[in-house]
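Below you'll find the structure, written out as structure tokens, and then a few comments.
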Amino acid sequence: MAPTKAPDSSRRSDRSRRAILDAALALVTEVGYRRTTIEGIAARAGVGKQTIYRWWPSKAAVLMDAFLDLAGRSAEGVAAGSESAGEPGEGEQAPGIPDTGDLVADLKLVLRATVDELNDPVLEAPTRALTAEGIVDAKLGAAFVHKLLDPQLALYVTRLRAAQEAGDIRADVDPRTALELLIGPLMHRWLLRTLPLTHAYADEIVEYAIGGLAPRP
């Protein structure tokens, strides 16, 4: 008789973790942050509450990890779809914002991808839910900024500093302030739904911003 193979506990844990993250995103999309509960996530995922509490201390922690996981998968998809935009070595996608030597083209590429993410129904609802809750929950808002926004904003700082070194923008420009000229208008239109969020709008933002940041004659 062949020996019985012991269950792979790591695979079972991975499946449970994935089910919990997916359930958290589904619930926050359907009922909002406030009405999403650990009990609801557990029931949706088909696990016990204690399984969730073994890995996360609170609902906010579950949802933050779920959103970070979703954002990471989305970023991987964007990178896979834009391999021809940069010059990564050995077939690998270079990290960060592309640096092709054309700052306007590079920023348009990234802002267009951001528009696509914000308009993606899978991402839009949980992003809105966590953004809205982060406004009234300072602790959640700080975690959202620290874990998700700051690493993304750092990529803009790096690219804008490279542009300064290349003479594409003025040396006296603060990259951290300059990046808000790019990101701020997108988020304003998306959050308030003032007008449609489109690629054409993203292109205009880049052109207007870089026109103001460029060296003066």
Side-chain angles (χ1 to χ4, degrees), residues 67-68 70-88 93-135 141-142 144-217:
F67 186 80
L68 291 171
L70 177 63
R73 284 183 282 146
S74 176
E76 288 174 2
V78 170
S82 60
E83 289 180 353
S84 61
E87 297 294 336
Q93 180 69 20
I97 295 175
D99 188 349
T100 66
D102 186 335
L103 177 63
V104 170
D106 293 343
L107 291 175
K108 284 182 177 180
L109 176 70
V110 174
L111 260 65
R112 284 182 171 215
T114 302
V115 165
D116 291 340
E117 289 182 2
L118 292 173
N119 286 331
D120 183 345
V122 175
L123 283 166
E124 182 177 13
T127 303
R128 285 189 182 279
L130 285 174
T131 300
E133 188 62 23
I135 294 173
F144 190 77
V145 169
H146 175 68
K147 293 184 177 181
L148 180 69
L149 292 185
D150 280 347
Q152 294 180 353
L153 297 181
L155 302 179
Y156 282 89
V157 170
T158 298
R159 182 64 185 90
L160 291 172
R161 282 179 176 158
Q164 282 181 314
E165 294 174 1
D168 294 328
I169 62 175
R170 301 196 311 272
D172 63 329
V173 166
D174 177 6
R176 185 58 181 77
T177 300
L179 69 86
E180 294 184 0
L181 301 177
L182 300 164
I183 300 299
L186 280 186
M187 296 306 297
H188 177 273
R189 182 171 286 200
W190 176 75
L191 281 170
L192 300 182
R193 296 186 174 98
T194 54
L195 288 169
L197 193 62
T198 64
H199 285 181
Y201 179 60
D203 290 350
E204 285 183 335
I205 289 172
V206 173
E207 290 168 2
Y208 293 171
I210 299 306
L213 298 172
R216 298 185 179 95

Please round to the nearest 0.5 Å and tell me the distance separating atom [atom1] of [X] and atom [atom2] of [Y].
X	Y	atom1	atom2	value
Lys108	Glu204	NZ	CD	9.5 Å
Ile183	Leu111	CD1	CG	5.5 Å
Ile205	Leu186	CD1	CG	4.0 Å
Met187	Leu192	CE	CG	10.0 Å

Give every donor-acceptor pair under 3.5 Å between a side-chain atom in residues 121-133 and any protein atom, sequence neighbours left out.
residue: Glu124; atom: OE2; partner: Arg128; partner atom: NE; Å: 3.1
residue: Glu124; atom: OE2; partner: Arg128; partner atom: NH2; Å: 3.4
residue: Thr127; atom: OG1; partner: Leu123; partner atom: O; Å: 2.6
residue: Arg128; atom: NH1; partner: Trp190; partner atom: O; Å: 3.2
residue: Arg128; atom: NH1; partner: Leu191; partner atom: O; Å: 3.4
residue: Arg128; atom: NH2; partner: Trp190; partner atom: O; Å: 2.5
residue: Thr131; atom: OG1; partner: Thr127; partner atom: O; Å: 2.6
residue: Glu133; atom: OE1; partner: Arg34; partner atom: NE; Å: 2.9
residue: Glu133; atom: OE2; partner: Arg34; partner atom: NE; Å: 3.1

Report yes if some heavy atom in the side chain of [X] is under 4.5 Å from a heavy atom in the side chain of [Y]; otherwise report no.
X	Y	answer
Tyr201	Pro196	no
Glu180	Leu153	no
Leu107	Leu182	yes
Leu179	Arg176	yes

Check your understanding: By ring-ring contact (aromatic ring centres under 6.0 Å, His included), which residues pair with Tyr156, not counting sequence neighbours?
Key ->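 Residues passing ring-ring contact (aromatic ring centres under 6.0 Å, His included) with Tyr156: none at all.
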Check your understanding: Residues in side-chain hydrogen bond (donor to acceptor under 3.5 Å, both in side chains) with Thr194, at least two apart?
Key ->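 Expected list: none.
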Any sub-3.5 Å donor-acceptor pair from [X]'s side-chain atoms to [Y]'s backbone N or O?
X	Y	value
Asp106	Thr100	yes
Asn119	Leu197	yes
Thr177	Val173	no

**Study point:** Least distance between heavy atoms, Leu195 atom then Arg189 atom
**Key:**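 Leu195 and Arg189 have their closest heavy atoms at O-CG, 3.0 Å.
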